[in-house]
J.: 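One structure coming up, written as structure tokens, with questions to follow.
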Amino acid sequence: MIGMDDSLRAVEAVLFAAEEPMSADDIAAHVGPEVDVAAALAELASHYDGRGIELVERGRRWHFQTAPDLAFILRRQRDETRKLSRAAVETLAIIAYHEPVSRAEIEAIRGVQISKGTLDVLMEAGWVRPAGRREAPGRPLIYATTPAFLAHFGLESRRDLPGLDDLKAAGLLDPIDAAMEQLGLAELEEAEEE
Amino acid sequence: MIGMDDSLRAVEAVLFAAEEPMSADDIAAHVGPEVDVAAALAELASHYDGRGIELVERGRRWHFQTAPDLAFILRRQRDETRKLSRAAVETLAIIAYHEPVSRAEIEAIRGVQISKGTLDVLMEAGWVRPAGRREAPGRPLIYATTPAFLAHFGLESRRDLPGLDDLKAAGLLDPIDAAMEQLGLAELEEAEEE
Amino acid sequence: MDGDDIFDEFDSGAPVREADRLTLDLDGWEGPLDLLLTLARNQKVDLAKISILALVEQYLAFIADAKKLKLEIAADYLVMAAWLAYLKSCLLLPRDQEADPSPEELAMRLQLRLQRLSAMREAGARLLGRDRLGRDVFLRGAPEGLRVVRRSLWQAELYDLIAAYGSVRARSEPAFHVVARRPVMTLEEALARVERMIGTRLEWTRIEAFLPDTQDGEFRKSALASSFVAALELARKGRVELDQKGAFEPLFIRAA
């Protein structure tokens, strides 16, 4: 005859090592007929109540599980600062200057196709959101910037973005630069396909 | 600030959910810096002492496992682990007690060449790993045991290897002098010329 | 006889073999040291106290028996036998004071080797006998697992944004390409000119004589190239003949 303590220990170990939830009969098959499995389960459940793990019954089967309020600990979040790719920055700029725009319009302005991932990244960053559909053939999705976009870039509103004349004055529309950048573009696009 | 109870619960949950033994740092990464992991581990270990499950330290990593005396209950639900060959067992013992050792040193102790497969089996089991090269002529690869070796054989550290102190005291773990193990080949050659 | 199979039936690590089986069984020994160790154990004393001489006798007798039975004996067993025979003679013969190492030293080394192997064999057996993970003790059967969720914090500066827009717009500005006119003689012009000038000239004339008179170096180059191709074309049609003594030599042309 196994004492109550040993019964408890046996049931505890069997449930711990089990790969699936176990019924009382499953457990009895392991620990032997002399063990009062129901009593052991009840005592174990009360012992683990309020601990980091608990013993739970689901459809007459028992298993240990992590206490639900601690689930967040099992998913550790790690933040990584990453720089936006060139394609993403250009896409974001086009959306900011032209919003709302469809993907086809972005591509027309950029002169280069954009991958699905590029828009995803901008949406993940919280800077771009889908802003409905254009009432035009195909009803394409259109995109716009978010308040988080303005906050991140320190803008009161989109009107704070420098206009084309300002860009020209700052030399940012210099065609020679553009030609040179275009040369490098093919490689950049390839790099984005990671 | 998390209270002591919550710290305990968090560490307990992490160790229960973990798929592998965890170092205190691993645990801290999940439960957060405000938890005194060492204190929680000590308290948990004493809480589980004598239960059907226990908290053990193996090579500075911690895990829960079933109590050894309950093996008879649990064994039947498992496939018998594959049996190791005598060559593999001896090689494992030599590595564990002498580490790091080169293959030539293992062969010197056993008096026979070891087949390539023997070390492979030990590495595949995750018990042995290459541990760099000896700064000696030929720069031979040297081997050592892993944390998984300690975990498998229930050793807190290599200091717990059975009989380690006695073997040391008897000089049986002194560095292997390959020349000495050769029994003096020069004399042998002389003998053969007779 | 390497006996080094990975998974055989042996799981104890501690060899227990019957003395009377030794003479018949040469398989299953893991080398001469293994055989020696088993013979030594048959002396039923502490390895530190065994008689090396008796052990040597046993080993040599064993090998002799095996030879009598015409059993195949691996070379390393024979090497060990030779060495042991040498050791035996050293131990029995009058002492050579010069000998280094001394026979006693050699005997002690052999003893130490046997002790070492024996110690590791026992250690292996003790390891295997421990409460082993996955055999005697078990990890949690269905751990939830721990996950690390990576969250990207995207970074970009306002300047990057504006500069990117500038470069996009600059790229899409219509570009004007002005191609400067260069003085060239077309192939058609050269063909007509060479054909007209060659007439029925039967004397060899250098191709340069067919070029227009010009100070413009670029135009002259173009005219030379076109005239050369024109000459080849005319030669193909059988209207002219070409002659050149060697590479880079003057090229001569005449009517065919």
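Labels below follow one simple rule: chain letters A, B, ... track the order of the sequence lines, proteins then strands, and each chain is numbered from 1. All values below come from the heavy atoms of this structure, side chains included, with hydrogens, waters and symmetry mates left out. Quick caveat: nothing in here was measured; it's all calculated off a predicted structure.
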J.: Which heavy atom of A/Phe64 sits nearest a heavy atom of C/Glu144, and at what distance?
T.: O-OE2, 4.3 Å
J.: In terms of heavy-atom pairs under 4.5 Å with chain C, which of A/Leu92, A/Leu15, A/Val121 leads?
T.: A/Val121
J.: At their closest point, which heavy atom of A/Glu90 faces which heavy atom of C/Ala164, and how far apart are they?
T.: CG-CB, 3.8 Å
J.: If I take atom OG1 from residue A/Thr81 and atom CG from residue C/Leu153, how far apart are they, to the nearest 0.5 angstrom?
T.: 5.0 Å
J.: Tell me if the CZ atom of A/Arg75 is crowded by more than 12 foreign heavy atoms within 6.0 Å.
T.: no
J.: Count the heavy atoms belonging to other residues, nucleotides or ligands that lie under 6.0 Å from CD of A/Glu156, then report whether that count exceeds 12.
T.: no
J.: With respect to C/Trp154, which candidate in A/His152, A/Glu80, A/Glu124 satisfies the side-chain contact (heavy atoms from CB on, under 4.5 Å) definition?
T.: A/Glu124
J.: Ignoring hydrogens, what is the shortest heavy-atom contact between C/Leu161 and A/Ala93? Give both atom names and the distance.
T.: O-CB, 3.4 Å
J.: Please round to the nearest 0.5 Å and tell me the distance separating atom NZ of A/Lys83 and atom CG of C/Asp160.
T.: 4.5 Å
J.: Within this structure, what is the CD1-CG distance for the pair A/Ile73 and C/Leu146, rounded to the nearest 0.5 Å?
T.: 10.0 Å
J.: Go through the steps to decide whether A/Leu161 and C/Leu158 satisfy the test side chain to side chain contact (heavy atoms under 4.5 Å, CB included), and finish with yes or no.
T.: CA-CA 9 Å; A/Leu161 286 169; C/Leu158 183 60; 4.3 Å; yes
J.: To the nearest 0.5 Å, what is the distance between OG1 on A/Thr91 and OH on C/Tyr165?
T.: 12.5 Å
J.: Which residues from residues 97-108 of chain A are near chain C, with near meaning under 4.5 Å between non-hydrogen atoms?
T.: A/Tyr97, A/His98
J.: Checking C/Lys221 now: which residues fulfil salt bridge (charged side-chain N to carboxylate O under 4.0 Å, His left out) with it, not counting sequence neighbours?
T.: none
J.: Could you tell me whether C/Phe228 atom CZ has more than 12 heavy atoms of other residues or ligands within 6.0 Å of it?
T.: no
J.: How close do C/Val168 and A/Arg110 get, heavy atom to heavy atom, and via which atoms?
T.: CG1-CA, 4.0 Å
J.: Which pair of non-hydrogen atoms, one from A/Leu84 and one from C/Ala156, has the smallest distance, and what is that distance?
T.: CD1-CB, 3.8 Å
J.: Should the heavy atoms of other residues, nucleotides or ligands under 6.0 Å from CZ of A/Arg51 be counted, would the total exceed 12?
T.: yes
